[in-house]
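Working notes for the structure below.
No experiment lies behind these values; they were computed from the predicted model shown. The chains referred to below are lettered A, B, ... by the order of the sequence lines, with proteins before strands, and numbering in each begins at 1.
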There are 2 protein chains.
Amino acid sequence: MQDATSNRFRVYSELRSRICLLDYPPGTRLSEETLAAEFGTSRTPLRRVLARLEDEGLVQSIHGVGTIVTDVDIEEMLHVYDLRMELAQLAGSLSPIDITDQTIQAVRHFHNQSEALKRDPTARAFAQLNMAFFHFGLTLSNNVALRDMSERLYYKTARIWLKSISKMDLAAEVDIFCREIEETQNAIVNGDTSAAALIRRAHISMCVHRLRKS
Amino acid sequence: MQDATSNRFRVYSELRSRICLLDYPPGTRLSEETLAAEFGTSRTPLRRVLARLEDEGLVQSIHGVGTIVTDVDIEEMLHVYDLRMELAQLAGSLSPIDITDQTIQAVRHFHNQSEALKRDPTARAFAQLNMAFFHFGLTLSNNVALRDMSERLYYKTARIWLKSISKMDLAAEVDIFCREIEETQNAIVNGDTSAAALIRRAHISMCVHRLRKS
DNA sequence: TCACCCTCCGTTGTACACAACACGCGACTC
DNA sequence: GAGTCGCGTGTTGTGTACAACGGAGGGTGA
């Protein structure tokens, strides 16, 4: 057992992940008591985590009913996507990092993983890799505020893609993702964070278009 | 007594206001029990409010010590200001509102109030009017996500100005603020939200420069 | 005189009991 | 038979006692 803060973050992170990977699909009723028991704590600290998830719009607590995982709809989230695109682009101009060998190695790692995914594509593994690659994208700017806001907005919309993938062509999506990583790798190797940011923005935009059509 | 949610927001809003108006200067130790008594509740719901303020960086709770109002430093906040400027500008291009007579009337109201402030300037009244005018600026975009993020960042930095005003020329600052409102009024009357957003961005930028010199 | 320790006090963190509330089901009434 | 009331059950919200912890102050020994 660590100190309270890190333990809280662990629980928060785990629940957020379950919600965004649809382990808890929209409409699921979470029981405070059950979750508290699972994480080996009591309702009080767990409620603090749920309160944060509620502030971020991932769950909704209703007195006398339960804590319910919210539903997400692409049309309602268009505003969020608009902002996410702008923030993605800003990552290239607001305090961009100096690219080191470590950065290049990281993007190569993602390239390898995306190729492996192409050979054995599953929706869940794809979503997880996408999430990890998003976090890598955050590290391209040193602006902490930008990172925080981007992350918050990302998790607000992360479920939409996974909810729609059954109606889309998984192999084609993986292919597009692979190419995004390749393009990003080219930009990073050339030390061009600005280009990497624009690539990211473009792919968010295209992804929204594909999602709306499905 | 209203329902839990609105009551919680009332307490949150009040505490945030006290912190940002320096009723609780940085370093102040807040007592959960005292505050709970003041708002006629118990520690439990009050702690939820403090938890949110802690997530937003306005206070810090330390086990065994207390809940302490954080200090803010302009140099640490430069990243936040950078992002705030970008968001201010985006308010003009991301889902800008259609300007109605109501909007024009609102900005006229601020103009009048700023003129009144010029006649009897106090730092606190200035800070309050500035805050109100900021909230007006938020209404210029229909993008809810943009509004939320802008507000969050604004309150992160709001105290810096008030902390430095004693070392600056209050009358001159009021004058600049009056002109900002006048310029905004011109833009709004012409139906040009984009220009209003750029004016706002410019004034944030200039304000940061003045603050760093003081 | 200084360094160390120990105890006391106030604070935040946690656990738990109870209140407030929503929903469903069954009985009762018309 | 339909509508309505009331109660039981399960949930979140609140209050409160206690545990965990940090710091200050005084005492003690070298």
Side-chain angles (χ1 to χ4, degrees), chain A residues 1-16 18-20 22-72 156, chain B residues 1-16 18-19 22-72:
Chain A
M1 179 75 72
Q2 305 259 358
D3 67 325
T5 304
S6 67
N7 196 37
R8 190 162 56 222
F9 182 76
R10 189 177 60 85
V11 175
Y12 164 76
S13 186
E14 174 63 26
L15 288 182
R16 187 180 64 177
R18 289 183 191 176
I19 291 171
C20 291
L22 300 189
D23 294 333
Y24 298 144
T28 306
R29 222 181 52 193
L30 306 177
S31 162
E32 296 182 350
E33 208 141 358
T34 308
L35 287 175
E38 179 191 339
F39 290 108
T41 177
S42 81
R43 277 181 62 209
T44 308
L46 194 117
R47 276 176 62 74
R48 175 156 178 182
V49 171
L50 289 179
R52 177 163 171 190
L53 290 171
E54 185 170 15
D55 283 341
E56 295 174 354
L58 298 188
V59 303
Q60 185 185 12
S61 288
I62 305 174
H63 190 183
V65 178
T67 302
I68 291 150
V69 177
T70 55
D71 199 0
V72 284
K156 243 179 147 67
Chain B
M1 180 76 71
Q2 305 258 358
D3 67 322
T5 305
S6 67
N7 197 36
R8 190 162 56 221
F9 182 75
R10 190 178 58 85
V11 175
Y12 164 75
S13 185
E14 174 65 26
L15 288 182
R16 186 179 65 178
R18 289 183 190 176
I19 292 171
L22 300 189
D23 295 333
Y24 298 143
T28 306
R29 221 181 51 193
L30 305 178
S31 162
E32 295 182 351
E33 208 142 356
T34 307
L35 287 175
E38 179 191 340
F39 289 107
T41 177
S42 80
R43 279 181 60 209
T44 308
L46 195 116
R47 276 175 63 74
R48 175 155 177 183
V49 171
L50 289 179
R52 177 161 172 192
L53 290 171
E54 184 170 16
D55 283 340
E56 295 174 354
L58 298 188
V59 304
Q60 185 185 13
S61 287
I62 305 174
H63 191 183
V65 178
T67 302
I68 291 151
V69 177
T70 55
D71 200 359
V72 283

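Straight-line distance from the CG atom of B/Leu46 to the P atom of D/dG13: 16 Å, rounded to whole Å. The nearest whole Å value for the distance from the CG atom in A/Asp3 to the C1' atom in C/dT14 is 15 Å. Atom CZ of B/Phe39 and atom P of D/dT14 are 15 Å apart (whole Å). Between the CD atom of A/Glu32 and the C1' atom of C/dA20 there is a distance of 14 Å, given to the nearest Å. Rounded to an integer number of Å, the gap from A/Asn7 CG to C/dG13 C1' is 12 Å. Regarding A/Glu33, its CD atom lies at a distance of 10 Å from the C1' atom of D/dG10, rounded to whole Å. Remark: C1' of D/dT12 and CG of A/Leu53 are 16 Å apart, rounded to the nearest angstrom.
Taking only side-chain nitrogens and oxygens, A/Arg43 never comes nearer than 4.0 Å to OP1 or OP2 of D/dT12. Remark: A/Ser42 is not in phosphate contact with C/dT14, judged by side-chain N or O atoms under 4.0 Å from OP1 or OP2. Of the side-chain N and O atoms in A/Thr41, one or more sit less than 4.0 angstrom from OP1 or OP2 of C/dA15. For the pair A/Thr44 and C/dT14, the criterion of a side-chain N or O lying under 4.0 Å from OP1 or OP2 is not met.
Of the candidates C/dT12, D/dG13, C/dA22, C/dT12 carries the atom nearest the B/Thr67 side chain, counting heavy atoms from C-beta on. The side chain of B/Arg29 approaches C/dG10 more closely than any other nucleotide in the set C/dA20, C/dG10, C/dT12.
Under 4.0 Å is where a charged nitrogen must lie from a carboxylate oxygen, and between A/Arg48 and B/Glu54 at least one such pair does.
Using a 4.5 Å cut-off on side-chain heavy atoms (C-beta onward), B/Ile19 and B/Val59 make contact.
Annotation: A/Glu33, atom CD; neighbour count of heavy atoms from other residues, nucleotides and ligands within 6.0 Å does not exceed 12.
The residue A/Leu30 sits close only to the backbone: its heavy atoms come under 4.0 Å of sugar-phosphate atoms, none of a base.
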**OP:** Take B/Leu15 and B/Leu50 through the side chain to side chain contact (heavy atoms under 4.5 Å, CB included) test and state the conclusion after the steps.
**Re:** CA-CA 9 Å; B/Leu15 288 182; B/Leu50 289 179; 4.2 Å; yes
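Positionally, the nearest nucleotide of DNA chain C for B/Ser61 lies more toward the 5' end than for the other of A/His63 and B/Ser61.
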